[in-house]
There are 2 protein chains.
Amino acid sequence: MSSTDGVKQTRRDQILSAAAELFARHGFHGVGIDDIGAAVGISGPALYRHFRSKDAMLGEMLTAISERLLDGGLRRVEAANGPEHALRELVRWHVDFALDDPALITVQIRNLANLTDADRRRVRALQRRYVEVWVETIRRTVPRADEPTARAAAHAVFGLINSTPHSAHLDREQMAALLSRMALAALTTAGVLDPALATP
Amino acid sequence: MSSTDGVKQTRRDQILSAAAELFARHGFHGVGIDDIGAAVGISGPALYRHFRSKDAMLGEMLTAISERLLDGGLRRVEAANGPEHALRELVRWHVDFALDDPALITVQIRNLANLTDADRRRVRALQRRYVEVWVETIRRTVPRADEPTARAAAHAVFGLINSTPHSAHLDREQMAALLSRMALAALTTAGVLDPALATP
DNA sequence: ACGTGTGGTTAACGCACGTTTACGCAGGGT
DNA sequence: ACCCTGCGTAAACGTGCGTTAACCACACGT
């Protein structure tokens with residue numbers, strides 16, 4: 001290992017982001033080891049100098065994403081003053097993430113099933129904790145929402161924000177603003193999360 | 001072919017819905033031809049009595065979904081009186097579809113990339129027409145929204161509603177009501193779709 | 001100069017899996 | 001009686017692909 005290991009990581013990371021792009025476009029099984037190699041200028045089995053297996057790439061990729069999401073979410077919520085501010089920050093954080101790394105978002109949504117059992121458990125645990133951050137923040141902002149409702153609403157907002165890879169007709173800032181407003185409207189419009197309401 | 005061919009279809013349809021369930025859970029490439037056979041009580045290559053290939057199954061499945069979605073959407077919009085009513089009906093239609101067939105929704109989202117080029121073109125064309133129905137309805141209801149904004153909003157609402165397979169903590173009616181309210185709030189809250197607004 | 005580790009190469013292996021083939025068997029129209 | 005068609009089976013085929021093996025070369029500390 002080097003002292004700061006800031007440079008040492010480049011090759012692994014380069015491979016990971018190329019693989020993420022390919023996995024997002026063609027699916028895990030739709031991408032060959034040779035394709036990933038070609039994408040970074042080396043060919044085929046050279047990847048095994050950097051990763052134990054193809055599954056290990058996906059595992060590392062998805063745990064890294066989940067950790068980044070959770071950490072960022074926690075930090076934003078802690079730094080916020082007041083629940084509404086925390087919710088706005090959370091929305092903004094997720095929107096930025098989705099807009100900056102659409103490939104990672106796509107892979108995380110589409111390829112959970114291709115993980116090793118051990119990796120999947122790890123990723124799911126991280127995702128659950130991230131959802132809990134949202135659930136708590138939502139319930140602090142909208143006290144009438146019970147827990148199952150808040151959880152379902154959180155998933156729904158993830159779906160809304162993660163729709164980004166399918167759109168891309170707006171420029172980044174307009175898209176960020178639109179998604180943020182839609183997410184907040186869906187969560188905080190009066191009565192929307194009230195479990196006592198019947199079908200409108 | 002039989003006269004009414006109502007019974008003749010059962011076997012094909014039985015296979016298709018079993019395959020949809022499996023594709024949704026494990027992904028197209030994660031499911032073997034033998035797995036699909038086993039799911040309907042026959043084993044392995046017997047499927048080739050009913051489908052030309054594994055790709056053909058996915059193709060037929062996805063075009064059927066896309067056609068159902070488009071047809072239902074068109075019918076609801078035509079039958080509605082007034083744009084707001086049409087939008088409510090559209091939301092309700094998509095919500096019902098997503099809640100009744102979560103496997104189909106999952107497959108359509110995750111496995112577009114595994115289609116034949118010809119099939120993919122067909123499906124994409126149907127999807128585009130469905131999006132257009134939404135875009136027009138949204139713009140009639142929210143005149144301030146320009147077309148790219150309405151299109152991005154439509155995709156976002158699809159993501160919101162299609163989040164259903166990841167939740168399932170609420171019973172069907174509560175879930176339907178929640179998703180409908182969130183979708184309508186995201187679309188119709190004052191100013192949300194106004195392209196002139198900057199980041200909040 | 002020299003071993004050593006790091007990151008490449010090409011060739012080969014082995015297996016999973018989609019597809020094909022050859023075969024069997026009930027049923028119903030002539 | 002008979003054969004044709006529909007639907008099933010089991011075995012064989014071929015190949016794509018993840019992984020391993022054997023080999024090579026440059027960088028570099030001593």
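Naming: A, B, ... by sequence-line order, numbering from 1 per chain.
- Atom CZ in A:Arg11 sits roughly 21 Å away from atom P in C:dG5 (whole-Å rounding).
- Considering only residues two or more places apart in sequence or on other chains, B:Phe23 meets the ring pair (Phe, Tyr, Trp, His ring centres under 6.0 Å) condition with B:Phe28.
- DNA chain C is contacted by A:Ala46, A:Arg49, A:His50 of residues 46-61 of chain A, taking any non-hydrogen atom closer than 4.0 Å.
- In terms of the side chain to side chain donor-acceptor pair (under 3.5 Å) criterion, residue partners of B:Ser66 (sequence neighbours excluded) are, by chain and number, B:Gln108.
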Exercise. Can A:Asp100 and A:Arg172 be said to form a salt bridge (Lys or Arg N to Asp or Glu O under 4.0 Å), step by step?
Worked result: CA-CA 9 Å; A:Asp100 290 337; A:Arg172 212 215 103 112; 2.3 Å; yes
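- Listed by first and then second residue, the ring-ring contact (aromatic ring centres under 6.0 Å, His included) pairs involving residues 43-71 of chain A amount to none (not counting sequence neighbours).
- Between the NE2 atom of B:His29 and the C1' atom of D:dG18 there is a distance of 15 Å, given to the nearest Å.
- Qualifying salt bridge (Lys or Arg N to Asp or Glu O under 4.0 Å) partners for B:Glu147, counting only residues two or more places apart in sequence or in other chains: B:Arg151.
- With sequence neighbours left out, the side chain to side chain donor-acceptor pair (under 3.5 Å) criterion links B:Ser167 to no other residue.
- Every pair tested for salt bridge (Lys or Arg N to Asp or Glu O under 4.0 Å) that includes a residue from residues 21-38 of chain A fails, sequence neighbours excluded, so the list is empty.
- Listed by chain and number, the residues in a side chain to side chain donor-acceptor pair (under 3.5 Å) with A:His26 amount to none (sequence neighbours excluded).
- Near DNA chain D, meaning a heavy atom under 4.0 Å from it, residues 32-45 of chain B has B:Ile42, B:Ser43, B:Pro45 in order of number.
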